[in-house]
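Input: a single structure, listed below in structure tokens.
Because only heavy atoms are used, hydrogens play no part in the values below, and waters and symmetry mates are left out as well, while side chains stay in. Positions are given from 1, in the same order as the sequence printed here. All values reported here derive from a predicted model rather than from experimental measurement.
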Amino acid sequence: MRTATVYNFLLEATLMASIAILLMIPIRKFLRKSLSSRVLTFGWGLIAIRLLCPLSLPNPIIHEIRSPFAPDAAIRPIAGQLKVRVADVIGNMHATSYLSSGAASERLNDLLESTYNGMLSINLMKLYVIGLLLVLVWFVISNVRFRMKLRADRIEPISGELLAQYQALCSKLGLKKPLPVYFVDPLPSACLVGVFRPYIALPLTAAPQDVMLVLRHELCHAKAKDHWWGAVRLACCAIHWFNPLVWLAAHMSRTDSELACDERVSRNLTAEGRNAYAGVLVLAAARRDLPGVAVLSTGMSMTGKKLKHRVAGILANRRMHKGLALAFVLLSSMALVGAFATSEIAPKLEPDLHSHQIISAQTEVKAFDLKDEQSWIDFAKTVWQNPYLKAKDLDSLQWSAATVRDTSHTEVDHTEVLGCNADGEIMLASAFLEDGTLIYISNFAEMSTQYMVVDTPKYEGYPTRWEPVRDFGLEAIESLRPGYTAKYTNLSEPSEGKADGGRMSLFFGQHTDYNYISTFRVQVEPESRLIYFVDLEYMSHNDTDRLAPGNG
């Protein structure tokens, strides 16, 4: 697996989730009373999905932010932009330090080189893996120590009348299989421990009149699958250990899960029951803070202002605003889908034609005498009507044809047919052998002088995004020169570029010995068409330069 795959996921998830976390902070502060903590936990769940799921959905406009200096299609636009920006920063630092310090300049030059040869990506991946392993080791040690201490301090499971009351409570809450409950001493407050085989740890010192409320709290945690969400939080923190916002979100979501549990417990309690439940929290929870975020357990503990707001919320028995809650759920769900829309859509190339369905220029030449200038012009216009070329306003151009012999190249006669605008600028150019075989065609009207080609880094195969572009170009050439594409034993990796007229992709066709035999260019946007093809066997680069606007 290429490091680009990992970087795409990490950078996209970091960007999208960080924005969502920053939005959740004011939402928690100002809208908790209207939304309720249960709705807020839903929002945290969506953020966790974005942080953990490596899904990438197609986006019709994401390619607009692709940097032309990061054309490797395996690097999606967001990661490509970051790569280019990092290289720019290093390059600027290198330029600044060039005259001041030889050692610093040399190191920055090595770092700049590493951005191009891939070593920086490899070294960063090694650093990421080391950090991931260290965090995982910390999580494992923290949980093992916590579980071993609980096991060492375990007294006995509940029994007798308390067990009967607990089983009745489980039945009332809809839990078919009651969780095991053990007395533990010392233990500051009750907690739900574990993920796959969870159990409830109950302080031996818990007052008899408070035990059922404490158990109700932990059972509500179990019913809401909060022990599983604890594992999700750890996964988020481990995978995104480098992002402080993820750690902050883990703490905030843990607090919100406790407050959501309070809402579930107190929802059907009387005013007297809520007062008693608040008292239990004050007595049991204020002894210490929640277990660390690295520990897979819930807990009733909460101190300071958090405890004050928690008790106030229980006593007030606030009800959420259903309309606002529904709007939050819908908008956040839509935002989640948008947060995954980071992949480019393969260009839709029209027309969807096949070469065998097209009457080629090679066969149409039989209908032309090709003895004088006008016959060559009529023939060239017919070629330009090919559906893959999409040439426009043919009759509005001023056409000319001339036979040329290249004494410096192949010494083979060919006829050049040019279509110029009123200012004498070449808009359409084509060249043919004596028998009408097309050896050059170029739509200068669609080829801006500002067109920029960026070399694509070497990689195996073709990027999925450009396979249809390549196939489209081959079909177009085959429609103009039947059987010609069979000469290709290899195609170079495509280079992508932007011009005033749209987006393009450039290909080179090669022999087995890797000598170029032709090159062609496909316009992808705003229309799909072949705008340039040259058979290098018959036309040198000097020949094509002569046909460029201003040189004809």
Please determine whether the number of non-hydrogen atoms from other residues, nucleotides or ligands lying under 6.0 Å from atom [atom1] of [X] exceeds 12.
X	atom1	value
Q209	CD	yes
I61	CD1	no
R267	CZ	yes

Return each pair, listed once, that meets side-chain hydrogen bond (donor to acceptor under 3.5 Å, both in side chains) where at least one residue sits in [range]; pairs must be two or more places apart or across chains.
range	value
residues 19-34	R28-D256, R32-S37, R32-D256
residues 125-144	W138-S142
residues 162-177	E161-Q165

[X] versus [Y], closest heavy-atom pair with distance:
X	Y	result
L202	I158	CD2-CG2, 4.3 Å
W44	I21	CZ3-CG1, 4.3 Å
A339	R50	O-NE, 2.9 Å
P54	F9	CA-CD1, 3.6 Å

Given the side-chain rings of Y388 and F472, with only the six-membered ring counted for Trp, is the space between their centroids under 6.0 Å? yes
Give a yes or no on whether the ring-centroid distance for W228 and F196 is below 6.0 angstrom. yes
I'd like to know whether D262 forms a side chain to side chain donor-acceptor pair (under 3.5 Å) with Y277, so could you lay out the CA-CA distance, the side-chain angles of the two residues, the decisive distance to 0.1 Å, and finally the verdict. CA-CA 9 Å; D262 291 340; Y277 180 60; 2.6 Å; yes
State whether the side chain of [X] and the backbone N or O of [Y] hold a donor-acceptor pair below 3.5 Å, judged by distance alone.
X	Y	result
H321	L324	yes
N275	A271	yes
R38	A260	no
S18	L15	no
Q81	I65	yes
N59	A341	yes
R264	C220	no
E218	L192	yes
H240	L51	yes
N8	A4	yes

Just verifying a value: how many Å separate [X] [atom1] and [Y] [atom2], rounded to the nearest 0.5 Å?
X	Y	atom1	atom2	result
E12	I78	CD	CD1	5.0 Å
L187	T205	CG	OG1	8.0 Å
E156	L204	CD	CG	8.0 Å
I239	L10	CD1	CG	8.0 Å

Is there a side-chain contact between [X] and [Y], using heavy atoms and a 4.5 Å cut-off?
X	Y	answer
S333	V337	no
K390	L530	no
D153	P186	yes
V329	F42	yes
C237	F139	yes

So the salt bridge (charged side-chain N to carboxylate O under 4.0 Å, His left out) pairs with at least one residue in residues 322-343 (sequence neighbours excluded) are none
- Task: Show your working on side chain to side chain contact (heavy atoms under 4.5 Å, CB included) between I25 and M252 and close with a plain yes or no.
- Result: CA-CA 9 Å; I25 294 174; M252 291 189 296; 3.9 Å; yes
Assess whether side chain to side chain contact (heavy atoms under 4.5 Å, CB included) is satisfied between I27 and F328, documenting all intermediate values. CA-CA 10 Å; I27 290 175; F328 175 83; 4.0 Å; yes
Lys/Arg N to Asp/Glu carboxylate O, E344 vs R76, below 4.0 Å: no
Sorted by chain and residue number, the salt bridge (Lys or Arg N to Asp or Glu O under 4.0 Å) partners of D185 (sequence neighbours excluded) come out as none
Residues passing the ring-ring contact (aromatic ring centres under 6.0 Å, His included) test with Y7, sequence neighbours excluded, are none
